[in-house]
Amino acid sequence: IPLQVLTLPTSPYPDQRPGTNGLKKKTHVFQSIKNYLHNFIQCIFSSIDLRDRQGSTMVVGGDGRYFNSTAIQVIVQMAAANGVGRVVIGQKGIMSTPAVSCVIRKIKAIGGIILTASHNPGGPDGDFGIKFNTANGGPAPEAVTNQIFQLSRTIEEFAICPELRVDLGTIGKQSFDLENKFKPFTVEIVDPVESYANSLRNIFDFAVLKELLSADNHIQIRLDAMHGVTGPYVKKILCEELGSPANSAINCVPLENFGGRHPDPNLIYASELVETMKSGQYDFGAAFDGDGDRNMILGKHGFFVNPSDSVAVLAANIFCIPYFQHTGVRGFARSMPTSAALDMVARATKIQLYETPTGWRFLGSLMDAGRLSLCGEESFGTGSDYIREKDGLWAVLAWLSILAVRRQSVEDIMTDHWRTYGRNYYTRFDYEEVDLDAAVEMMLDLELMISDRAFIGQVFTVGEKKYQVEAADNFEYSDPVDGTISRNQGLRIIFKGGSRIIFRLSGTDSYRATVRLYIDSYEKDINKLFQDPQVALAELVTIALQLSKIHERTGRRGPTVIT
């Protein structure tokens, strides 16, 4: 008997504006508020032209967090009712964000829906998120997310096939006859790793990597998947295929609550890996976030590679990766708050550099236009143009490729890089869950201050150091491909010599926000390349705190997280 397709009434919610990484809320919002999930999914489908949607293919996957499987069943029911012809899903609903991007591009899907709140905690009391990626495999651009938001404000009904149920555990095809549909609706459950692994085999020299990881004099590595989605990928690719010992990979079983941990690969939340690396037993370490698009790189004795430095090192050694030997290098890019370490490599190699707002979606049009090969963000994200998402495992294999060619330690490679290009000392202070009104008011007052003509040229003296303001603005980005302008992307204070102070609001919801403070200072004196970053940046931090009065304005004694 053909399954019934229903159109059910609903009412809009005012808070379904997607951010740079989709719509993130507390899990109970999607789980318990009537039709909250259904409304947003319907608006995603409605944003796609009906003619394009009919009979199309979509990819669905998630990081395995709590409510993942339940949400996928709803998405499939609504995809069928909205005319989609085929849905491709990772087995058990699992598929990393980079893998979703990869599969969308390989099978020429119309787009994909990713269920993740990235590096945020999971579980019934944690966070849940929904992100829509378009046909190029990348996050939906602003024009699309704005359309989704506008639709969410006026939605009156949604279409669903409520009796349709999918077996997420069995690989293979499942077909369903729907009323008033000439062709069956098809769901295909796939191995979430294989298609993605095939792409990596074409990018890296797996024979060289296998020798590095499993030959007689192989290096010792330690990889922490933090109970996120990357675990199965690490086990299959690094351990089974490249021969790294099984015990070199930890926390590789995806858990609905990430084992009660915060799946964010930084020095605070990946402290288990950091402490293990300090023992000196391992030569290389890495951690991954919940959905697999972020990474942290560590060397022996816990030597920390700042994410801004990481992308610069990859750029300087880019031809250690076979993929770029074949494609060449079209351009580099970094997000505006990321340190200018990449700029130094671009200048030395005469390769075009793009400075974009935070959010991987701004990089997609540059890649699609053939202008960009390698990019990175200070928030532990790195990637290349083979897909349209940042990719934690790709970054690890890129670093291992450099180690294999150069036969040096992580610390020696980083030290040589600083001696060649100079060092950008860098830190980020996060003030999380602060009052939204207080944060907005502080940012408005700061913008008013730095917009005053008298601010340019002003000299700040802290101890024996003097910093003169060379420029200040609210960062605005004009996309060189389509001319789209993105305003209000963060307040920048740029000093002579290249040092920068940046303030940016992030993760805002109805009542709370995160204020991020970024400090970037360039040093080329070879005798000053090996200071503690917090010591080297102390004067600039003092200036930033004096200008913003952030502790007084937010009621915080200090930042929640320092990286």
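Quantities reported herein were computed from a predicted structural model and do not represent experimental measurements. As a basis for the values below, the full set of heavy atoms in this structure was taken, side chains included, without hydrogen atoms, waters or symmetry mates.
For Y431, the ring pair (Phe, Tyr, Trp, His ring centres under 6.0 Å) partners two or more places apart in sequence, or in a different chain, are H551. Annotation: side-chain hydrogen bond (donor to acceptor under 3.5 Å, both in side chains) contacts of Y233 (sequence neighbours excluded): none. Looking at residues two or more places apart in sequence or on another chain, you find a side chain to side chain contact (heavy atoms under 4.5 Å, CB included) between T427 and F429, I519, Q534, L537, I562. By the side-chain hydrogen bond (donor to acceptor under 3.5 Å, both in side chains) test, D191 pairs with no residue at all, sequence neighbours left out. In this structure R388 satisfies the side-chain hydrogen bond (donor to acceptor under 3.5 Å, both in side chains) test together with D368, sequence neighbours excluded. Every residue two or more places apart in sequence or in another chain was checked for a side-chain hydrogen bond (donor to acceptor under 3.5 Å, both in side chains) with S32, and none qualifies. In this structure, the salt bridge (charged side-chain N to carboxylate O under 4.0 Å, His left out) partners of K300, at least two apart in sequence or on a different chain, are D283. For Y421, the ring pair (Phe, Tyr, Trp, His ring centres under 6.0 Å) test picks out H417, with sequence neighbours left out. Residues that satisfy the ring pair (Phe, Tyr, Trp, His ring centres under 6.0 Å) test with Y269, not counting sequence neighbours, are H262.
Between T338 and R500, the closest heavy-atom pair is O-NH2, 2.6 Å.
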W399/N295 under side-chain contact (heavy atoms from CB on, under 4.5 Å): CA gap, chis, key distance, verdict = CA-CA 11 Å; W399 262 96; N295 72 96; 5.6 Å; no

Begin from the C-alpha positions of L115 and D63 and carry the test side-chain contact (heavy atoms from CB on, under 4.5 Å) through to its verdict.
-> CA-CA 7 Å; L115 304 175; D63 60 15; 6.0 Å; no

Would you please test D167 and T170 for side chain to side chain donor-acceptor pair (under 3.5 Å) and show each step?
-> CA-CA 6 Å; D167 175 7; T170 304; 2.7 Å; yes

Derivation of the salt bridge (Lys or Arg N to Asp or Glu O under 4.0 Å) call for K236 and E241 | CA-CA 6 Å; K236 179 77 176 287; E241 185 157 356; over 6 Å; no

Apply the test side-chain contact (heavy atoms from CB on, under 4.5 Å) to residues L238 and L213: give CA-CA distance (whole Å), side-chain angles for both, the deciding distance (0.1 Å), then the verdict.
-> CA-CA 8 Å; L238 271 298; L213 297 175; 3.7 Å; yes

Given the rule in the salt bridge (Lys or Arg N to Asp or Glu O under 4.0 Å) test, do R428 and E378 qualify, once you have shown the distances and angles that lead to the verdict?
-> CA-CA 9 Å; R428 185 181 95 185; E378 49 73 33; 2.9 Å; yes

Please test D391 against Y386 for side chain to side chain donor-acceptor pair (under 3.5 Å), starting from the C-alpha separation and ending with a verdict.
-> CA-CA 10 Å; D391 186 348; Y386 92 100; 2.5 Å; yes

Report the C-alpha separation of R361 and E142 in whole Å, then their side-chain angles, then the decisive distance to 0.1 Å, and conclude whether the salt bridge (Lys or Arg N to Asp or Glu O under 4.0 Å) test is met.
-> CA-CA 8 Å; R361 65 188 183 187; E142 275 188 296; 3.7 Å; yes

Tell me, with the steps shown, if D224 and R222 meet salt bridge (Lys or Arg N to Asp or Glu O under 4.0 Å).
-> CA-CA 7 Å; D224 188 350; R222 187 76 161 180; over 6 Å; no

Could you check L397 against L242 for side-chain contact (heavy atoms from CB on, under 4.5 Å), going step by step and ending with a plain yes or no?
-> CA-CA 11 Å; L397 293 178; L242 297 180; 4.0 Å; yes

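Inter-residue side-chain proximity for P254 and P232 is flagged as met; some heavy-atom pair is nearer than 4.5 Å. Here the side chains of L200 and I237 are in contact, with some heavy-atom distance below 4.5 Å. Between C375 and W360, the closest side-chain pair of non-hydrogen atoms falls below 4.5 Å. E389 is listed as a side-chain neighbour of K131, based on a closest heavy-atom distance under 4.5 Å. The side-chain heavy atoms of V229 and D289, taken from C-beta on, include no pair separated by under 4.5 Å. Counting heavy atoms from C-beta outward, I250 and E272 have side chains that approach closer than 4.5 Å. Side-chain contact between F380 and N266 is present, with heavy atoms from C-beta onward closer than 4.5 Å. Looking only at side-chain heavy atoms (C-beta outward), V87 and V166 stay at 4.5 Å or farther from each other.
Looking at N306 and Y425, their side chains never bring a donor and an acceptor atom within 3.5 Å of each other. In the model, S339 has no side-chain atom that pairs as donor or acceptor with a side-chain atom of N424 under 3.5 Å. Judged purely by distance below 3.5 Å, without hydrogens or angles, the side chains of T415 and D412 never pair a donor atom with an acceptor atom. Between Y477 and E355, the side chains place no donor N or O within less than 3.5 Å of an acceptor N or O (distance only, hydrogens not considered). Of the N and O atoms on the side chains of E433 and T514, not one donor lies less than 3.5 Å from an acceptor on the other residue. Neither side chain, R65 nor N68, offers a donor N or O lying under 3.5 Å from an acceptor on the other. Neither side chain, Y354 nor D479, offers a donor N or O lying under 3.5 Å from an acceptor on the other.
Aromatic ring pairs are classed by plane angle as parallel below 30°, tilted from 30° to 60° and perpendicular above 60°; the pair Y36 and F30 is perpendicular.
Screening residues 292-325 for ring pair (Phe, Tyr, Trp, His ring centres under 6.0 Å), with sequence neighbours left out, gives no hits. Note on residues 103-112: pairs passing side-chain hydrogen bond (donor to acceptor under 3.5 Å, both in side chains), not counting sequence neighbours, are K106-S199.
Taking OG1 from T116 and CG from D291, the interatomic distance works out to 3.5 Å, rounded to the nearest 0.5 Å. Rounding to the nearest 0.5 Å places OG of S214 at 11.5 Å from CG of N217. A distance of 10.5 Å separates CD of E411 from CG of D416, quoted to the nearest 0.5 Å. Rounding to the nearest 0.5 Å places CG of L342 at 7.0 Å from CG of L374.
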Do any side-chain atoms of residues 119-130 form donor-acceptor pairs under 3.5 angstrom with protein atoms, and if so which ones, sequence neighbours left out?
unit_1, atom_1, unit_2, atom_2, d
N120, ND2, D127, OD2, 2.9
D127, OD1, K26, NZ, 3.2

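S373 places a side-chain N or O within 3.5 Å of a backbone atom of R330 that can act as its donor or acceptor partner. Side-chain atoms of H227 do not come within 3.5 Å of backbone N or O of L255 as any donor-acceptor pair. With hydrogens and angles ignored, the 3.5 Å screen pairs a side-chain donor or acceptor of T560 with a backbone N or O of E432. Between the side chain of T70 and the backbone N or O of F67, no donor-acceptor pair lies under 3.5 Å.
Between Y196 and the options L393, V103, V100, a side-chain contact (heavy atoms from CB on, under 4.5 Å) holds for only L393. When the options R516, M336, R504 are evaluated for a side-chain contact (heavy atoms from CB on, under 4.5 Å) with T358, the one that passes is R504.
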